[in-house]
Amino acid sequence: MTQTQTTATTEGADNEICLEARNLSVRYGKVQAVKDISLVVRARQVTALIGPSGCGKSTFLRAINRMNDLIPTCVVQGSVRLGETEIYDPAVEVEALRARIGMVFQKPNPFATSIYNNVAYGPRVQGLVRHRRETDERVEKSLRRAGLWDEVKDRLKESGTSLSGGQQQRLCIARAIAADPEVVLMDEPCSALDPIATARIEDLMDELRARYTIVIVTHSMQQAARVSKRTAFFLLGELVEEGATGEVFTNPQDERTLNYVTGRMG
Amino acid sequence: MGFAFLLPWLVAACGWMACRWSPVAWLSPVAGEGQHAQGTAAQLARLVFLTSLLGGLLVLLLWLLLEPPVIAQRSTQALLASEAQSASSRQERVALDLLRTKAQNLAAGDRPTESLKVEALKDESDSVASVARAALVLRQATEREAWLLPVLVVLGGLLGLLAGSQAPRRGLHPRKLAERIIAVLLLLSAATALAVTVGILLSLIFESWRFFRLVPLSEFLFGLRWEPQIALRADQVAGLGAFGAVPVLLGTAVISLVALLVAAPLGILSAVWLVEYASPRTRSICKPVLEILAGIPTVVYGFFAVVALAPAFREGGAWLGFTLAPNSALVAGFVMGVMILPFISSLTDDALYAVPQSLREGAFALGATSFEVASRVVLPTAAPGIVSAFLLAISRALGETMIVLMAAGLLAKMTINPLDSVTTVTVQIVTLLTGDTEFDNPKTLSAFALGLLLLVITLFLNWLALRVSRRWHKEWSA
């Protein structure tokens, strides 16, 4: 396993570490989905995880906010640190942890309630809002940041499922950032969207990275190249290569990465 | 008679074998060549099986439909002819029925046919001779049936066999023809099921219509007194009982409401536990058990209500300072709630289970606890499904008879107090129709009107439930 840590020296301020996985392994029953991965995610950047289907990139992503806890057969070894917090410390309250790490899913999954309630859900369960005015403010702020405010400000009481697919996904992004997380995890957020909606989400990610650390799993190498600063290539549950996106795509250190990014494999 | 039912199958089987293996060319004229145009021997055999079976069964059916009336007619004639009797007045009809029964007993008895003949041929016009003549008609009919029916059935079968086997010669493809016959048979089966339902509905409507000629619809629907028992005695006083269905409906509503208040919270909570908290293994055990519980005979629940619950509730009520009526709506409703509990629980479980996993993940990812996910995301999403489960459960509770018959009262009171004794639609129907009844007074006929009312309400609830759940599925199956 070759791990090239090509650090972008020109942007020294970007070197602040947000997330750090050390020797992380995830097993589903007898299947080892993630094998001994160590990866550093830098703050306020977009990091893309690429690789063929079943390579463990989604599992790795879901290990970061402990979504794998929901799967009874799942066993996690190793460590993930978010700032000073060890995520797998038994003393960590997983609900509070997930308030610090938002997540956006493959298919838009708005709740069967109003647009307003969708966005307010996180702040409400986290107890971040005490009365209506605070909730109003937070909902508006989140919708503005997700670039959806102008489209929905007059129909906040309408059902979230009445929006178009691209709008639904931006609603889900607004929902994910409403509780002021540090990290936003995105699991193939555009795979169910058309190219125009995809472009909007990609533009949005460009704006969001000023405030949030973004980790995105994507099947599209073009998307990884467009939106991310750093890219990690996963293969068969292993991390093959991680580096500045330009480097990984044009001058990969590992032959397997080269084969993948040039389309000879996967 | 009995084995005649087997004959068509036998003939059909013979026809099948003949076509399948017979070297006779006329039976299977297509063996070997031209298979596409005329079908294979196996296809022809299948067609012949069908047609000969149909031929035989058709003969059997016609016999069953036509023979008994003909024989009855002839034996009646034999009874009437000698005695210059007529069957016009009521007394004469009763006398004739008596003679007919005698003749039937005579015919079924073990007196030899010859001795019957001797007696029948006596030129006497007394009743003994005419009974013997009628008995002779019946006896001969039975004897004839013993050989004639099988012969006719076999003939019908053979005719069908011939018709089927000649189909290819007439340019009909055996496979297509068989398909058409099967389609018609399936259509007939479906039509029968539908016709029975419509028939039940029509008979109910007809009897209700007779009731509404005696009691105006407005009184039935809006009247506040239900005292049908008075009607019988009132016949002499030239007055009618009170037939206002409102108190009966109100009693039904009170009991159903108590049932729902018991079953709804328990059912929903248990379903939430099954879907959101229990391990898949636990759920796979508990869910079938729940569904089996739904099959407990309701009379058992009735026992439970009478033996265990009613005394307990009465004592408990007394301790708290309430006085419970002996047949309180509370006990009946409580037990009925227990009865519909598995029903609600299982249907709610289905509705919760159908909520996409992605919604749960979305909520968990926002840091919600299991209960917050269940109460604020899963339950609202599944709400229409749960409502539809409730509607179905209510419609079951409305039609439930045995529990209320054992646990509820008989007197219709205008009350919504669950501690009081109330009656239900089903209980009234049972009490109105049990015992000696005549179908020409409003007391008996009112049972049909109540039945129709119950049917309309139940059908409406079922229709509503179907609509709600359909709309819901449309939204979430995408």
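Each chain gets a letter, A, B and so on, in the order the sequences are listed, and its residues count up from 1. Here the structure is a predicted model, which is why all the values come from computation and not from measurement.
Among Val378(B), Leu379(B), Asp349(B), Thr348(B), the single residue meeting the side chain to side chain contact (heavy atoms under 4.5 Å, CB included) criterion with Val272(B) is Leu379(B).
Interface remark: Ala363(B) contributes backbone and side-chain atoms alike to the contact with chain A (heavy atom separation under 4.5 Å). Only the backbone of Ile101(A) comes within contact range of chain B, with heavy atoms under 4.5 Å apart.
Heavy-atom pairs under 4.5 Å with chain B were tallied for Arg62(A), Arg98(A), Glu93(A), Gln106(A); the largest tally goes to Arg98(A). Contact count against chain B (heavy-atom pairs under 4.5 Å) is highest for Val125(A) among Val125(A), Leu97(A), Asn65(A).
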Worksheet item: Going through the checks in order, is the side chain to side chain donor-acceptor pair (under 3.5 Å) test met by Ser395(B) and Thr458(B)?
Response: CA-CA 5 Å; Ser395(B) 104; Thr458(B) 316; 5.4 Å; no
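Taking the six-membered ring where the residue is Trp, the centroids of Phe334(B) and Phe313(B) are separated by under 6.0 Å.
Classification of Arg66(A) and Asp69(A) as a salt-bridged pair holds, one side-chain N sitting under 4.0 Å from a carboxylate O.
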